> 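Structure provided below as structure tokens; questions to follow.
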Amino acid sequence: MKYSPGKIEKKWQKFWSLKKVYFSKNFSKKPKKYILVEFPYPSGAGLHTGHLRSYVAADVTSRFLRSKGNEVMFPLGWDAFGLPAENYAIKMGIQPQISTAQNIKNFKKQINSLGLSFDWSREVNTTDPEYYKWTQWLFLQFFKQDLAYEATSLINWCPKDKTGLANEEVVDGKCERCGTLVEKKEMRQWYLRITKYAQKLIDGLESLDWPEPVKLQQENWIGRSEGADIEFEIAGENKRVKVFTTRPDTIFGATYLVLAPEHPLLSQLKSNIRNWDQVSAYIHEAKNKTDLQRSALEKEKTGVELKGVSAINPATKELIPVWIADYVMISYGTGAIMAVPSHDVRDEQFAKRYKLPMRIVVNEKGKLISSGEFDNLDWQEAKKRITQKFGTSKIQYKLRDWVFSRQRYWGEPIPLIHCPDCGIVPVPEKDLPVKLPKVKKYEPTGTGESPLAAIESWVNVKCPKCGGKAKRETNTMPQWAGSSWYYLRYADPKNKKRFADLKSLKYWLPIDIYFGGMEHTTLHLLYSRFWNQFLFDQGLVPVSEPYKRRQPHGIILGEDGEKMSKSRGNVANPDAIIKQYGADTLRMFELFLGPHEQTISWNEKGVVGVYRFLQRSWSLVEENASSKNKDSEKAEFEIHKLIKRVEDAINDMKFNTAVSSFMEFINAVSEESISKETLKKFVVCLAPFAPHVSEEFWKMLGGKGSVTIQKWPVYDKVKLVSQTTEYVIQVNGKFRGNLTIARGSAEEKVKEEALKIDTVTNAIANAKIRKIVFVPDRLINFVV
RNA sequence: GCCGAUGUGGUGGAACUGGUAUACACGAGAGACUUAAAAUCUCUUGCUCGUAAGGGCUUGUGGGUUCGAGUCCCACCAUCGGCACCA
């Protein structure tokens, strides 16, 4: 018989599904492992080879851990609310409910054709009212704790998608989804107070087993800096300007102040400002610039002096000028700075351009000068004392509160009611979910109002508190809402009384390994940690950090080295490879491509190599299936080596080397006498990687039941150590020959044998041996 | 500008705590089988000098530590990712 994957794969997929092999139990006595992979956004384009990389890696890990005797939960669901799904539906001219259902069906089919061992009994779908009921309920917990609030402020607005965006969704000044330049717009929005958790989000990172670069990226995003708030008095007015600075020690060098063009003090000082025309023109200009424009022009800083206004430096008591400039941001700190041109490059540029005075107040040794009573102090000590005298110490974060409302149809309705008498009233728990009404027209309006606002029968409700006329909140939640807690629902997906039963959560959490993309580091990964920490503080979940270990994967680029996208036409679809070579080949090839966390260009050329390996394995198993061969010494050694190497590779997430190890094994034993028992061990090891063909091998070798639930073989350390060892012989550190000799031989003996080798003696020639470096059982180096 | 990562054959990549650099795979070349092709199998394959035996060189560049460096240290270059007038 020949290896023909097409025939066997469907058969085994059906078998696994029927026997529910991969369903996991709550409260099993076995040790639990919760393996999670970021759930997909079921787009219309279908699954591509990039998705598969982490699915396959997570699947191998899950299968391995089951085989090691753990109760493994490995669930999947659908993150189906949000912009792309809605845009796709608009483009196709169908309801998002319908297109989403179609896409999910298609994704599921593709996923199943890969033989991934997901536990489908725990499937969740963020757009299912039974699911988003709890998303809404959780939102109300934030609301009740004053962590969800409404405010009108300047937010990021995508003119193409016609919705507000969170800070995290703006990349290079463009919309993360569609790439359109983001504008600033003054709008009423819902916010989640993530800034209240800024410090906890930093602190929590420490205990986590995450790659350092990922932790660092989150930390930088949160952006803690320690400094001080200092107030400067406006001369002749009973008004003050508060500035934030990280270098209060340089206050004696603060020769002017700069306010952001949006600073509220400006309108209050209007009558004092002699050049108001000029100032208001500058304010207007700054308002119309996008963030990108504002920072793109970084070479030339611009600003306008407020003529007729000056401030008093609290340290020097000098009168200093006040300027406005758009290099100062209203959204960071206090929106105003004290400029110290001699110790800050930006202030220096500005001061040089506008000929403003500069004064050096810290010398090269880090001691203060020209600073009155603080002279000769070390700058760090001065920082403390000056803060004490002139201001208050302050910790500032770059993190902004999370803009949590979207003016779009396809999201969870925010479960609040606006009552003219009672104010904002939460929808009572018994009335949840607030279902998304089915409508004909759901295109974004572009007016800043959600399309839901136009549906009067839905919008007009009775106030739950007073029974009077009231209106529903019409904004919806962002795509990130449903994904901020989905890992909790998997623990108890059918619960009707709670988002998940606490006992089940206690059993499963935290997640042992979380597979996902690098691109979510400052989005989903940060958001969901925030939700979890909040829920932990409320006593609703048992752990403060949900993800014990994070395993990021590098993205797979198209063959042209560019990001895979439909418009570029470089999307690699897995279906064709499955059809030609089978799922097992594709699975192993995805892993074989390269290190899991490394970005890589897709290149199909190597697929055939993996296929050949499976074919050769097939021949080997077939030849030995009915034989009574015993293991040769080499075969015995090789199988123990294989078990160890594969096990180590999975633990270290070096899947590419695991695949190599299998190939090396087959190459090494193909000419050897090999027993059925040894082949069975090989097959159990192979099963996590190539489960379909492994089931077939298992049967051929007379194994019972599914190979995917067999116990992982144990390697014997003793068998890995052979009686002899091969020495490396060096002369002056240069390789000159090998020597095979009994393990544990004495240095004298090795030296004697080594000096019998021609290449060694030639290299030494007539020189005198000055020193011998001897590493037992490994190496001998003659220094001459 | 700041932070982080990476740099090894024609290509993807391997190398444990410093100890035979180039495992494994692709591609290429030669051969076997075949009427032929595909598939499969066998051999060769870092560069270089040499008919050969054998030698020299090689992990982005330049230094250093060491008996010995892809691996450790210093400086630089290139590429990728993140942040970005964040005071």
Side-chain angles (χ1 to χ4, degrees), chain A residues 2 171-173 211-221 223-225 227 243-247 250 258 260 291 294-299 301 325-329 331-340 343-347 349-350 396-400 518-519 521-522 554-555 557 561 589 592-595 597-610 612-613 615-616 619 645 648 652 654 656-667 726-738 758-759 762-763 770-775 778-784:
Chain A
K2 233 187 97 195
V171 178
D172 279 339
E212 282 308 317
V214 177
K215 286 191 189 182
L216 214 66
Q217 207 181 311
Q218 277 207 358
E219 216 178 299
N220 291 343
W221 182 264
R224 178 191 158 107
S225 29
V243 304
F244 171 73
T245 175
T246 53
R247 294 295 303 276
T250 62
V258 188
D291 269 6
R294 249 166 102 155
S295 55
L297 300 163
E298 68 186 83
K299 291 153 228 147
K301 290 193 183 7
D326 65 7
Y327 82 90
V328 174
M329 304 286 142
S331 49
Y332 183 76
T334 60
I337 61 159
M338 61 175 212
V340 186
H343 298 287
D344 182 287
V345 282
R346 295 151 308 178
D347 296 343
Q349 281 172 17
F350 192 77
Q396 182 68 46
Y397 301 91
K398 281 195 229 174
L399 189 71
R400 308 286 146 78
M518 207 59 189
E519 70 276 16
T521 303
T522 53
I555 46 170
L557 303 170
F589 179 65
F592 193 52
L593 269 174
E597 67 292 349
Q598 191 176 297
T599 303
I600 206 161
S601 296
W602 179 253
N603 186 343
E604 248 165 71
K605 275 191 184 147
V607 178
V608 67
V610 174
R612 284 179 192 148
F613 155 74
Q615 274 182 314
R616 295 174 68 190
S619 312
R645 287 176 72 181
D648 290 349
D652 298 341
K654 290 175 162 180
N656 53 331
T657 64
V659 175
S660 306
S661 302
F662 284 114
M663 292 171 170
E664 284 176 57
F665 174 79
I666 289 292
N667 292 346
E726 192 177 45
Y727 269 87
V728 171
I729 305 162
Q730 295 179 339
V731 176
N732 283 344
K734 199 156 246 178
F735 172 74
R736 292 295 171 184
N738 283 121
D758 285 352
T759 48
N762 287 346
R770 283 194 318 167
K771 188 178 167 189
I772 294 176
V773 179
F774 181 75
V775 184
R778 296 188 77 163
L779 170 137
I780 185 161
N781 184 12
F782 298 98
V783 185
V784 299

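Per chain, numbering begins at 1; letters A, B, ... match sequence-line order. Computed from a prediction, not measured in an experiment: that's the story for all the values here.
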> Check the phosphate of B/rA84 against A/N220, side-chain N and O only, distance under 4.0 Å to OP1 or OP2. Yes or no?
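No, A/N220 has no side-chain N/O under 4.0 Å of OP1/OP2 on B/rA84.
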> Give one of base, sugar-phosphate or nothing for A/K605, where a contact means two heavy atoms less than 4.0 Å apart.
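Contact class for A/K605: sugar-phosphate only.
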> Enter the distance from A/Q730:CD to A/N732:CG here, rounded to the nearest 0.5 Å.
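The CG atom of A/N732 is 9.5 Å from CD of A/Q730, to the nearest 0.5 Å.
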> When you get a sec, tell me which of B/rA5, B/rC83, B/rG19 is the closest nucleotide to the side chain of A/W221?
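Closest nucleotide to the A/W221 side chain: B/rC83.
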> Between B/rU22 and B/rU71, how many Å separate the two C1' atoms, rounded to a whole number?
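After rounding to an integer number of Å, I get 15 Å for this pair.
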> Checking the side chain of A/N738 only, and the main-chain atoms of A/V728 only, is there a donor and an acceptor separated by less than 3.5 Å?
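Absent.
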> Distance check needed: B/rA87 C1' versus A/Q349 CD, whole Å only.
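A/Q349 atom CD is separated from B/rA87 atom C1' by 13 Å.
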> Any side-chain N or O of A/R612 below 4.0 angstrom from OP1/OP2 of B/rU40?
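Result: yes.
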> Start with the C-alpha distance between A/M663 and A/V610, add both sets of side-chain angles, then the distance that settles side-chain contact (heavy atoms from CB on, under 4.5 Å), and finish with yes or no.
CA-CA 9 Å; A/M663 292 171 170; A/V610 174; 4.1 Å; yes
> Using the P atom as the reference point in each nucleotide, state the distance between B/rG13 and B/rG18 in Å, no decimals.
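About 25 Å, rounded to a whole number of Å.
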> Atom CD of A/Q730 and atom C1' of B/rG18: how far apart are they, to the nearest Å?
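Result: 11 Å.
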> Which nucleotide wins on minimum distance to the side chain of A/V773, given the candidates B/rC67, B/rA87, B/rC3?
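Shortest atom-to-atom distance from the side chain points to B/rC67.
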> Can you label the angle between the A/F350 ring and the A/Y327 ring as parallel, tilted or perpendicular, going by 30° and 60°?
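The rings of A/F350 and A/Y327 sit tilted, inter-plane angle from 30° to 60°.
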> For the pair made of CG in A/L593 and C1' in B/rA14, what is the distance, rounded to whole Å?
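So the two atoms are 15 Å apart, to the nearest Å.
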> Given B/rC67, B/rA14, B/rC26, which nucleotide is nearest the side-chain atoms of A/K771?
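From the listed options, B/rC67 comes nearest.
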> Can you tell me the distance, in whole Å, between the CZ atom of A/F735 and the C1' atom of B/rA15?
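Distance check: A/F735 CZ to B/rA15 C1' gives 16 Å.
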> Without decimals, in angstroms, what is the distance between A/Q218 CD and B/rC83 C1'?
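After rounding, the reported distance stands at 14 Å.
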> For the pair made of CZ in A/F592 and P in B/rG12, what is the distance, rounded to whole Å?
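Rounded to the whole Å, the gap is 13 Å.
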> What's the closest nucleotide to the side chain of A/N656 if the choices are B/rG13, B/rC26, B/rG19?
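Minimum distance to the A/N656 side chain belongs to B/rG13.
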> Is the glycosidic torsion of B/rG9 within 90° of 0, making it syn, or is it anti?
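For B/rG9, whose glycosidic angle is within 90° of 0, the conformation is syn.
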> Heavy atoms only, 4.0 Å cut-off, all strands: where does A/E726 land among base, sugar-phosphate and nothing?
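Here A/E726 touches the bases of the nucleic acid.
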> For a quick check of understanding: with a heavy-atom distance under 4.0 Å over all strands, which category does A/T522 fall into, base, sugar-phosphate or nothing?
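Here A/T522 touches no strand at all.
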> Going from CG on A/L399 to CD on A/Q218, what distance comes out if it is rounded to the nearest 0.5 angstrom?
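The distance works out to 10.0 Å.
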> On a whole-Å scale, what distance lies between the C1' atoms belonging to B/rG64 and B/rA15?
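24 Å, rounded to whole Å.
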> Kindly point out which of B/rU20, B/rA5, B/rU17 is positioned nearest to the side chain of A/N738?
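The closest nucleotide is B/rU20.
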> Can you tell me how far P of B/rG82 sits from CD1 of A/I555, to the nearest Å?
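Distance check: A/I555 CD1 to B/rG82 P gives 8 Å.
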> In whole Å, what separates the C1' atom of B/rG7 from that of B/rC76?
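These two C1' atoms come out 14 Å apart once rounded.
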> Where along nucleotides 48-59 of chain B does protein come under 4.0 Å, by heavy atom, of base (B) or sugar-phosphate alone (S), with - for untouched nucleotides?
-------SSS--
> How far does the P atom of B/rU79 sit from the matching atom of B/rG31, given to the nearest Å?
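The same atom, P, in both gives a distance of 44 Å.
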> Would you indicate which nucleotide in B/rA87, B/rG27, B/rC85 comes nearest to any side-chain atom of A/K301?
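Given the options B/rA87, B/rG27, B/rC85, the side chain of A/K301 is closest to B/rC85.
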> Verify the contact: side-chain N or O of A/Q598 to OP1 or OP2 of B/rG13, cut-off strictly under 4.0 Å; return yes or no.
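Answer is yes, contact under 4.0 Å.
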> Would you give the length of the straight line joining atom CD1 of A/I666 to atom CZ of A/R612, rounded to the nearest 0.5 angstrom?
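Spacing of CD1 (A/I666) from CZ (A/R612) equals 15.5 Å.
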> Say you pick atom P in B/rA5 and the same atom in B/rC74; how far apart are they, in whole Å?
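It works out to 13 Å between them.
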> Can you figure out which of B/rC85, B/rU20, B/rG12 approaches the side chain of A/I600 most closely?
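In terms of side-chain proximity for A/I600, the closest of B/rC85, B/rU20, B/rG12 is B/rG12.
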> When we call it a touch if two heavy atoms are under 4.0 Å apart, what does A/R224 touch: a base, just sugar-phosphate, or nothing?
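Since no nucleic acid heavy atom lies under 4.0 Å of A/R224, the category is nothing.
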> Ignoring backbone atoms, establish whether A/Y327 has a side-chain N or O less than 4.0 Å from OP1 or OP2 of B/rA87.
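Indeed not, no polar side-chain atom of A/Y327 lies that close.
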> Is there a donor-acceptor pair under 3.5 Å between the side chain of A/T521 and the backbone N or O of A/V214?
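No.
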> Using the C1' atom as the point on both nucleotides, what is the distance between B/rU48 and B/rA38, in whole Å?
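The same atom, C1', in both gives a distance of 38 Å.
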> Could you tell me how far apart A/N732 (CG) and B/rC67 (P) are, to the nearest whole angstrom?
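The answer, rounded to whole Å, is 11 Å.
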> Hey, could you give me the CZ/OG1 distance between A/F662 and A/T657, rounded to the nearest 0.5 Å?
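Here the interatomic distance stands at 10.5 Å.
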> Would you call the rings of A/F589 and A/W602 parallel, tilted or perpendicular if under 30° counts as parallel and over 60° as perpendicular?
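Because their plane-to-plane angle is over 60°, the rings of A/F589 and A/W602 count as perpendicular.
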> Given B/rA25, B/rA14, B/rA87, which nucleotide is nearest the side-chain atoms of A/P595?
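When the side chain of A/P595 is considered, B/rA14 is the closest of B/rA25, B/rA14, B/rA87.
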> Once rounded to the nearest 0.5 Å, what's the spacing between atom CG of A/D326 and atom NZ of A/K301?
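The distance works out to 9.5 Å.
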> For a quick check of understanding: with a heavy-atom distance under 4.0 Å over all strands, which category does A/I729 fall into, base, sugar-phosphate or nothing?
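Counting heavy atoms under 4.0 Å across all strands, no contact is made by A/I729.
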> What's the closest nucleotide to the side chain of A/T657 if the choices are B/rC24, B/rG13, B/rA15?
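The nucleotide sitting nearest to the side chain is B/rA15.
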> Would you measure the distance from the P atom in B/rA32 across to the matching atom in B/rA53 and give it in whole Å?
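So the two P atoms sit 25 Å from each other.
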> Where the side chain of A/E664 is defined as all heavy atoms beyond and including C-beta, which of B/rG4, B/rC24, B/rA87 is the nearest nucleotide?
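So the side chain of A/E664 is nearest to B/rC24.
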> Side-chain N or O of A/Q217 less than 4.0 angstrom from OP1 or OP2 on B/rC83?
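Indeed not, no polar side-chain atom of A/Q217 lies that close.
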